[in-house]
Peer 1: 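Take a look at the following structure, please.
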Amino acid sequence: MSSTEPTSPISPPDLTSPLAKVDPKSLQVLFNEDPEGLTEDEVDKICDALRADRAKFHAEPQARPKKVTPVDLKKKIDKIEAPSTLSIDDLEI
Amino acid sequence: MLDLIRQATLNNSAFSTILPGLQIAWDSTSMGAFKECPRKYYLSIVLGYVPRETSVHLIFGQMYHTALEAYDHAKARGHDHKSALRVAVKVAMVISWNKELGRPWQSDSTYKNRLTLVRSVIWYLDQFENDPLETIILANGKPAVELSFRFDVGYRSVCSGENFLLCGHLDRVVKFNERNWILDRKTTQHQIDDRFWAQWNPNNQMSTYDFAGNVGFNAKTAGIIIDGAQLLVGGTRFKRGIVQKDDDQRNEWHMDFGLQLQMAEHYAKISYWPMNDKSCGNYGGCPYQGICAKSPAVRQQWLEGSMHKRVWDPLQVRGDI
């Protein structure tokens, strides 16, 4: 008679593995699964994750265009050569 | 040509059943297209041809509005900020999910995508958590959110005898400093500076809303409050501005609107909507430019091959009326 002892081809999860410590519902995971099933906790998690950088972002100064001084402006104007005659393309009829 | 127009407007309640091609119920979108280029109006509104690919700006804007609308409704039902925010975020996540393909909405834009959508909704609602603007509650007990309007604009078609209507949808009507205001939300990739605010006055859409707020509702509105959202890769900035007009400006807009309707009636009468070839390059290029560049004899074939059809009916109600 052969043994009827069941054998499982699937090994039990190794809870000591570093992978087990990774949050299975990271923001990336939440963004890539059907949102119909999102729980309140998961929605809160999305909110917390996405608002995390808000204060830092608003604290950063906005990039402003460089101020042009009257001296810079004069230099720029001097560089421009005035056309001697108007071409037909300059006319808007 | 006439058969084409009749067929295209057969199931569109905004068009006259007496004079083919004459639009009776107008909204800011159809009037905007008409002002920009009568031919563009003919192709997009009368015949209903639109590009197969919807612009990312349009998709993003619609989703942003829908999510914020869900928040406004939840707040009006008595939810607190946290709970209403959950509703808005869930809505944003659901509408930006492609159920058919079982994957998130794919956007090529680094500024306008699913992540920036959900993030913008959260940041905006957090920033305005204690907003002094209060949503008006209508006589039927519902909040004035995504409010549809339609009213007789005071002009009648000479040809068909039908009264022209003005219709549309207001994002939200609010009370602020004892006065009523229309709130509109706008998203942009550009800086919210003087140039951004200047584009809203004069502006076809804002003038329509302002007129509707003053003439179409019992509660006279003081103006339009615009909440601008500047989308950046790393975050979203919000700024609030105001557009106000006086009665003389409203009368001027109304007169201009009447003249535009006369032109629309004239074009419908001759079944011909001319091109405005000075508009082809505006707003990053007209989507119909390639069609208009073809010889008239082959345009219909190109339209059918490269565009898809939809019915633009401003009488379709979105929210409350």
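Computed from a predicted structure; not experimentally measured. Every chain is numbered from 1 and lettered A, B, ... according to where its sequence line falls, protein lines coming before strand lines.
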Peer 1: If the condition is side-chain hydrogen bond (donor to acceptor under 3.5 Å, both in side chains), which residues does B:Y288 pass it with, not counting sequence neighbours?
Peer 2: none
Peer 1: Are the side chains of B:K75 and B:T135 in touch, meaning some heavy atoms are under 4.5 Å apart?
Peer 2: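 Side-chain contact under 4.5 Å: no.
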Peer 1: Within 45 degrees of the ring normal and closer than 6.0 Å to the centroid, is that where the cationic atom of B:R237 sits relative to A:F57?
Peer 2: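 Output yes; distance and angle both within limits.
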Peer 1: Find out whether the Lys NZ or Arg CZ of B:R114 is both under 6.0 angstrom from the six-membered ring centre of B:F60 and within 45° of the ring's axis.
Peer 2: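 B:R114 over B:F60 ring: no.
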Peer 1: Non-hydrogen atoms of chain A under 4.5 Å away: do they reach the side chain of B:L115, the backbone, both or neither?
Peer 2: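 Contact with chain A is through both the backbone and side chain of B:L115.
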Peer 1: Is it the side chain or the backbone of B:V121 that comes within 4.5 Å of chain A heavy atoms, both, or neither?
Peer 2: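 Neither part.
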Peer 1: Using heavy-atom distances under 4.5 Å, tell me whether B:S96 contacts chain A through its side chain, its backbone, both, or neither.
Peer 2: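 Contact with chain A involves no heavy atom of B:S96 at all.
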Peer 1: Identify which of B:K82, B:R119, B:K90, B:R103 forms the greatest number of heavy-atom pairs closer than 4.5 Å to chain A.
Peer 2: B:K90
Peer 1: Per the ring-ring contact (aromatic ring centres under 6.0 Å, His included) rule, what does the pair list look like for residues 91-116 of chain B, sequence neighbours excluded?
Peer 2: none
Peer 1: Pick from B:D193, B:V89, B:D126, B:L232: which one has the most heavy-atom pairs with chain A under 4.5 Å?
Peer 2: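 Option with the greatest count: B:D126.
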